[in-house]
Amino acid sequence: MRILASLPDGNLFSSLPSTPPPRDPRLPPPSTPPPIPVPKYPPKERKPKSRPNPAFKLPHRHTRYYKPVNPGVISSDGDRGVTIGESGVSYRLPGAPFEFQYSYTETPQAKPLAIREPAFLPFGPPTMPRPWTGKQPLKKSKKKIPLFDSFNPPLPGKKGVKHVEMPGPFPLGKYPQEGKTREEILGEPLKRWEISMLVKPLLKDNRQVNLGRDGLTHNMLELIHSHWKRRRVIKIKCKGVPTVDMDNVCRRLEEKTGGKIIFRVGGLVYLFRGRNYNYRTRPQYPLMLWKPAAPVYPKLIQEAPEGLTKHEADELRRKGKSLLPICKLAKNGVYLTLVRDVRNAFEGSSLVKVNCKGMHASDYKKLGAKLKELVPCVLLSFDDEQILMWRGKDWKSMYPEPPSFSNPVDLDIAGDADGSGTPSDDPSQGTIRSSPKMISLWKRAIESTKALVLDEINLGPDDLLKKVEEFEGISQAAEHSYPALVLSREDGASSSMAEYEDGSQSENYDEDEFYPEDDFNDDDEFYDSDSSDVVPLGSLPVDHIAERLQRK
């Protein structure tokens, strides 16, 4: 360090000079390399323009094409054509079993006003020697894979082939038959043990067909047949908008595919192909190569809906902003009870709102269109991702008003006024002999608006009494209004249970029944030490327990 300090310039970390040293003018200037020349290519030969086939050109989604149409054939090329009817836009092909559509379940009931693209078929051109797939034809494979149908299965253990599900099931001594109609292909109805045998292996299997917001589409028909080649039963999982009307989905599935729904729970549908199904003779449908543009339909939301003026409609929309929704719908959910919930909500309020936060705009608009047809109701707005509905002026309650009930003594349908139930012996009075139990049940049923269903039952007095007692038991079970009995144990603890009527039996389930429930044993009877205290019909057991504890 002393040596470094003795040097004249002791700064070892000095910076470089800020300016470069001057260049010697006697030296020649440096030579720069020449730039790379730009290559020149010959001009491309221009091919003559040819008018492309519309089947090879995908429709432009952002086009402003708008053509008003009238019901009927709007485009035709021989036997092939595009028609507009009550079910929207449909495509007609020669030899087809029905007119094809993009979706067979999610088509509005309203007639379309215009179309958003030129009217041509979304299938491949008929002049091609092979089906149009959008790609070049593949090279011929050197490996020949044999194909087998349901009636010529391969030998067990053979490699290079896929096994096809055998036809059936068939009773002993019966064999598959060639069938052309739907009834012939389905064969005899399946028995309960056969349904259980076919469905149980598929309960936890993920091999399924997903039915989404577009419903039963045309290309899904060919997909179902490809599943039926390997299995007798196919599992279809439905989610989203189509689950609002599952009956329509099941009806369309059976109608278009020719199968039979053998089991259904929630949004899951199990579709059976039939006993005599043959994949080789199945109906073959051409595939749609693109999704056709949806036509223009009338607006769902109008400024002045039916039966209202614009001022009244605005007033209802203003009230609906502070209204609480009856439910919140999840995206891609199963909405089996939505129609029933809206109908029940209309019993207490003229306005109903459903929360659809997080859903696509097209989804809750389709939901609104379905609710308008199924409930029915009047749509007011889709603001804030919520469906606001009004029940309309022609709305009628599902529960009609009960008829006025008079005293049995005034109507002369029972005995004395003292309540003893002794019938009168004078035949000139024209009285109807009935027991006091029958009168009490009849009075209670009329007051609770549950006796209106008995108008269609033409039975004798004894059979009618039996029907009333059965209906009373069912209604009490639904309302949880059985009278409670408080039982005292030896250790001082108390318990409560519902009092069962005499002669009640539990339901018997067979061993082969699908999803059997636990059997209950009702042979044991319990009696209270103080049987004089009976809870009035309609109260809860906890009320009687609290009252007895207060008295003690």
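- Using a distance-only test at 3.5 Å, with no hydrogens or angles considered, no donor-acceptor pair links the side chain of Tyr297 to the main chain of Pro295.
- Note that CD1 of Ile195 and CG of Leu198 are 8.0 Å apart. Values are rounded to the nearest 0.5 Å.
- Under the 4.5 Å side-chain criterion, counting only non-hydrogen atoms from C-beta, Leu380 is not in contact with Phe382.
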| request: Please test Thr83 against Ser90 for side-chain hydrogen bond (donor to acceptor under 3.5 Å, both in side chains), starting from the C-alpha separation and ending with a verdict. | output: CA-CA 5 Å; Thr83 61; Ser90 57; 2.7 Å; yes

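- Ring geometry, Phe100 versus Phe123: the interplanar angle exceeds 60°, so the pair is classed perpendicular (tilted spans 30 to 60°).
- Of the possible donor and acceptor atoms, none in the side chain of Glu222 sits under 3.5 Å from a partner among the backbone N and O of Pro286.
- Of the charged side-chain nitrogens involved, at least one lies within less than 4.0 Å of a carboxylate oxygen, so that Arg317 and Asp314 count as a salt-bridged pair.
- The backbone N or O of Arg340 lies less than 3.5 Å from a partner atom in the side chain of Asn344, making a donor-acceptor pair.
- Salt-bridge formation is not detected for the pair Asp384/Lys321: no Lys NZ or Arg NE/NH1/NH2 atom is positioned less than 4.0 Å from an Asp or Glu carboxylate oxygen.
- Side-chain N or O atoms of Ser349 include one that pairs as donor or acceptor with a backbone N or O of Leu351 at under 3.5 Å.
- No close placement of the Phe272 and Tyr270 rings is indicated, their centers lying 6.0 Å or farther apart.
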| Steps toward side-chain contact (heavy atoms from CB on, under 4.5 Å) verdict (Arg116, Val296) | CA-CA 7 Å; Arg116 291 191 173 97; Val296 180; 3.8 Å; yes

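- Of all heavy-atom pairs spanning Leu221 and Lys256, the tightest one is CD2-CB, 3.8 Å.
- Contact of the Trp390 side chain with the Cys377 side chain is not registered, since no non-hydrogen atoms from C-beta on lie closer than 4.5 Å.
- Looking only at side-chain heavy atoms (C-beta outward), Tyr65 and Ile115 come within less than 4.5 Å of each other.
- Rounding to the nearest 0.5 Å gives a distance of 8.0 Å between CG of Leu253 and OG1 of Thr105.
- A salt bridge is defined here as a Lys NZ or Arg NE, NH1 or NH2 lying under 4.0 Å from an Asp or Glu carboxylate O, and Arg252 with Glu255 meets this definition.
- Between Met389 and Val354, the shortest heavy-atom distance links the atoms CE-CG2, 3.7 Å.
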| task | Tell me, with the steps shown, if Ile387 and Leu367 meet side-chain contact (heavy atoms from CB on, under 4.5 Å). | result | CA-CA 9 Å; Ile387 306 175; Leu367 283 174; 4.1 Å; yes

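- For the atom pair CG of Leu329 and NZ of Lys357, the computed distance is 13.0 Å after rounding to the nearest 0.5 Å.
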| field | Derivation and outcome, salt bridge (charged side-chain N to carboxylate O under 4.0 Å, His left out), residues Lys328 and Glu385 | value | CA-CA 11 Å; Lys328 184 182 185 302; Glu385 298 182 356; over 6 Å; no

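- For the pair Ser381/Leu388, a side-chain contact is recorded, criterion being any heavy-atom separation below 4.5 Å from C-beta on.
- Not a single donor-acceptor pair under 3.5 Å links the side chain of Gln386 to the backbone N or O of Asp383.
- Smallest separation of non-hydrogen atoms from Leu121 and Arg80: CD1-NH2, 3.3 Å.
- Salt bridge Glu106/Lys370: present, at least one basic N to carboxylate O contact under 4.0 Å.
- Nearest heavy-atom pair across Val233 and Leu202 is O-CD1, 3.5 Å.
- Atom CD of Glu315 has more than 12 heavy atoms from other residues, nucleotides or ligands within 6.0 Å.
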| Please walk me through it: do Val378 and Glu306 pass side-chain contact (heavy atoms from CB on, under 4.5 Å)? | CA-CA 8 Å; Val378 179; Glu306 49 190 75; 4.0 Å; yes

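- Of the possible polar contacts, one joining the Glu117 side chain to the Ala293 backbone as a donor-acceptor pair under 3.5 Å is found.
- Side chains of Asp245 and Leu374 form a contact here, defined as non-hydrogen atoms less than 4.5 Å apart.
- Asn219 places a side-chain N or O within 3.5 Å of a backbone atom of Met288 that can act as its donor or acceptor partner.
- A salt bridge is absent between Arg391 and Glu347: the closest approach of a Lys/Arg side-chain nitrogen to an acidic carboxylate oxygen does not fall below 4.0 angstrom.
- Atom-to-atom distance recorded for His225:NE2 and Met220:CE is 13.0 Å, nearest 0.5 angstrom.
- Taking the six-membered ring for Trp, His218 and Tyr102 have ring centres at least 6.0 Å apart.
- Between the side chains of Gln208 and Asn210, at least one donor N or O lies within less than 3.5 Å of an accepting N or O.
- Looking only at atom types and distance, the side chain of Thr107 has no donor-acceptor partner in the side chain of Gln101 under 3.5 Å away.
- A distance-only check finds a donor-acceptor pair linking the side chain of Asn276 to the backbone of Glu184 [under 3.5 Å].
- Arg275 contributes a side-chain N or O that, together with a main-chain N or O of Glu188, makes up a donor-acceptor pair within less than 3.5 Å.
- Scanning both residues, Leu223 and Ser226, for their nearest heavy atoms gives O-OG, 2.5 Å.
- Looking only at side-chain heavy atoms (C-beta outward), Val352 and Val375 stay at 4.5 Å or farther from each other.
- To the nearest 0.5 Å, atom OG1 of residue Thr181 and atom CG of residue Leu186 are 8.5 Å apart.
- Judged by the 6.0 Å distance and 45° axis criteria, Arg282 is positioned over the aromatic ring of Tyr279.
- A salt bridge is defined here as a Lys NZ or Arg NE, NH1 or NH2 lying under 4.0 Å from an Asp or Glu carboxylate O, and Asp205 with Arg231 meets this definition.
- A pairwise comparison of heavy atoms in Thr309 and Ala304 identifies C-CB, 4.1 Å as the closest pair.
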| said: side-chain contact (heavy atoms from CB on, under 4.5 Å), that's the test. Do Cys327 and Thr337 meet it? Break it down for me. | reply: CA-CA 11 Å; Cys327 61; Thr337 61; over 6 Å; no

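- Ring geometry, Tyr285 versus Phe98: the interplanar angle falls from 30° to 60°, so the pair is classed tilted.
- Residues Trp395 and Pro376 fail the side-chain proximity criterion, which asks for heavy atoms closer than 4.5 Å.
- To the nearest 0.5 Å, atom OG of residue Ser350 and atom CG of residue Leu323 are 9.0 Å apart.
- A heavy-atom distance below 4.5 Å is not found between the side chains of Pro305 and Leu379.
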| Would Asp247 and Arg264 satisfy salt bridge (charged side-chain N to carboxylate O under 4.0 Å, His left out), going step by step from the backbone distance to the final call? | CA-CA 11 Å; Asp247 295 336; Arg264 167 185 163 189; 3.1 Å; yes

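- Here the side chain of Arg273 pairs a donor or acceptor atom with the backbone of Trp228 at under 3.5 angstrom.
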